[in-house]
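Notes follow once the structure below has been shown.
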There are 2 protein chains.
Amino acid sequence: MARTKEFDDLTAVTAARDVFWERGYGPTSLAQLMAATGLSKSSLYETYGSKRDLFTRAAENYLDLIINPRLGPLDAPGAGRDELIAYFTGLEAFFTKAPDRIARRGCLLLNTAMDLNDLDDEAAMLVSGYRERVFEAFRAVLGTLGRADAERRAQILTASQIGLMVTSRLDPAAAAQLAHALAEDVRTW
Amino acid sequence: MARTKEFDDLTAVTAARDVFWERGYGPTSLAQLMAATGLSKSSLYETYGSKRDLFTRAAENYLDLIINPRLGPLDAPGAGRDELIAYFTGLEAFFTKAPDRIARRGCLLLNTAMDLNDLDDEAAMLVSGYRERVFEAFRAVLGTLGRADAERRAQILTASQIGLMVTSRLDPAAAAQLAHALAEDVRTW
DNA sequence: GACATTCCGAACCGATCGGTCCAGAGTATC
DNA sequence: GATACTCTGGACCGATCGGTTCGGAATGTC
């Protein structure tokens, strides 16, 4: 019947995701996406429609493969202080061990939030949704600890988490220190 | 002798600063800088050299007129808990009262930090320097409170402050809430 | 071999970018 | 009025951008 597909969709989208992640949506050019995916411009256009559409695929990939695995343990029923500590120590280990290039990527969604002028309402909602997702996860866990100030603590923790990802773009070592501090802080609760 | 200068340097740089602030360095075009400053492309080029040089001037303006006035009270000898609370309640008031356009600007330096690929080492150091400036101010104040965990608290507070500015770009109302929460948190120390 | 499909390279489009240059008008001093 | 400086508008540059199209080679099924 026909020639078989020669490239893997997941591999290509993941490669594109990493470029968007490192460089942001606007500054990423089609040429860089071509180089990263190994696909020609024609193939990219035919397969994904447009740069913007490819970014949507990349963001979905990011949520599925990066965010959800990290946040998953916090969502589990019965998750409490230990899971929260493990969350931050996990990030500390990541910022300590990961190659500089990787550690400096920060958060794909937060990075593009600063690009916001170039993006559209859909992208803005994506970023806001991510922030609320993190907040709700923290709030649920803090709720189980029975603290009266759970709501406030969750707000501050969410902000710290955002600050953590931004800091990692400037200084991965400082981000590792910060993640450690956050884990220690949670221990004192 | 000669014709007198017809525009005010401070006014022009401040106008350019606001454009960079709202849109980021990369996405800001010369046309937008011309519109904001009221200067022609020729005048901009002759006076400031290049877009990049103008950004440096804008960043200096930002530090002098925006950052230092806010952080000043924290630097004053004898500054303590009250000044810290006032700092965050001041931000809360700003995010509550300021027009949406203004409240959503976030922090000029943090915004450009996400643009980092487009920028150079000088810009990266500018942003890192800003972060350390905030951290040192917090650390000094927390030191006077005689807490054993002053260093850790300052790290977390710095991250929260960064998260606060990023949040303001997504949702000024949430930023106001967060600033309030931070002030309340400091009160409990 | 006929056929369907995948994939690529290259040419091309219109637009925008930052930057350069210059002729000339405006405005001050002497 | 001569002179010196400011400032503008517009033409222009080379480069890059995302996107579009097409011819043709490659690779599979039947």
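Here is how names work: the chains are called A, B, and so on, in the same order as the sequence lines, proteins then strands, and each is numbered from 1. All of these numbers come straight from a predicted model, not from anything done at the bench. These values consider heavy atoms only, across backbone and side chains, with no hydrogens, waters or symmetry-generated copies.
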Worksheet item: Quick one: which of dC7(D), dC7(C), dG18(D) gets closest to the side chain of Ser43(B)?
Response: dC7(D)

Worksheet item: Would you say dT8(D) has OP1 or OP2 under 4.0 Å from some side-chain N or O of Ser42(B)?
Response: no

Worksheet, complete the sentence: In whole angstroms, the gap separating C1' of dT16(D) from CD of Gln32(A) amounts to 11 Å

Item to complete: To the nearest 0.5 Å, tell me how far Leu71(A) CG sits from Tyr87(A) OH.
Response: 5.5 Å

Item to complete: To the nearest 0.5 Å, tell me how far Phe135(A) CZ sits from Leu142(A) CG.
Response: 9.0 Å

Fill in: Selection from dC8(C), dC17(D), dT8(D) that lies nearest to any side-chain heavy atom of Ser29(A)
dC17(D)

Worksheet item: Is the distance from OP1 or OP2 of dG19(C) to the nearest side-chain N or O of Tyr45(B) less than 4.0 Å?
Response: no

Worksheet, complete the sentence: To the nearest angstrom, the CD-P distance between Glu46(A) and dT5(C) comes to 12 Å

Discussion item. I need the single residue from Trp21(B), Tyr25(B), Phe20(B) that forms a side chain to side chain contact (heavy atoms under 4.5 Å, CB included) with Asn111(B). Which is it?
Written reply: Trp21(B)

Worksheet item: In whole angstroms, how far is the P atom of dT6(D) from the CG atom of Leu39(B)?
Response: 13 Å

Fill in: Length of the line joining Leu30(A):CG and dC8(C):P, which is rounded to integer Å
14 Å

Response to the item:
Between CZ of Phe55(A) and P of dG19(D) the distance, given in whole Å, is 14 Å

Worksheet item: Hey, is the side chain of Lys41(B) pairing donor to acceptor with the base of dG9(D) inside 3.5 Å?
Response: no

Worksheet item: Within the side chain of Glu22(A), is there an N or O that forms a donor-acceptor pair under 3.5 Å with the backbone of Val19(A)?
Response: no

Worksheet item: So with a 6.0 Å cut-off around CG of Asp121(A), is the heavy-atom count from everything else above 12?
Response: no

Worksheet, complete the sentence: Here the distance between atom P of dC17(C) and atom CG of Leu33(B), to the nearest Å, is 11 Å

Fill in: N or O in side chain of Ser40(B) less than 4.0 angstrom from dC7(D) OP1/OP2
no

Discussion item. Nearest heavy atom decides the nucleotide; on that basis, is Gly38(B) or Thr28(A) closer to the 5' end of DNA chain D?
Written reply: Gly38(B)

Worksheet item: Rounded to whole angstrom units, what separation is found between the CG atom of Leu44(B) and the P atom of dG9(D)?
Response: 12 Å

Response to the item:
To the nearest angstrom, the CG-P distance between Asp53(A) and dG18(D) comes to 14 Å

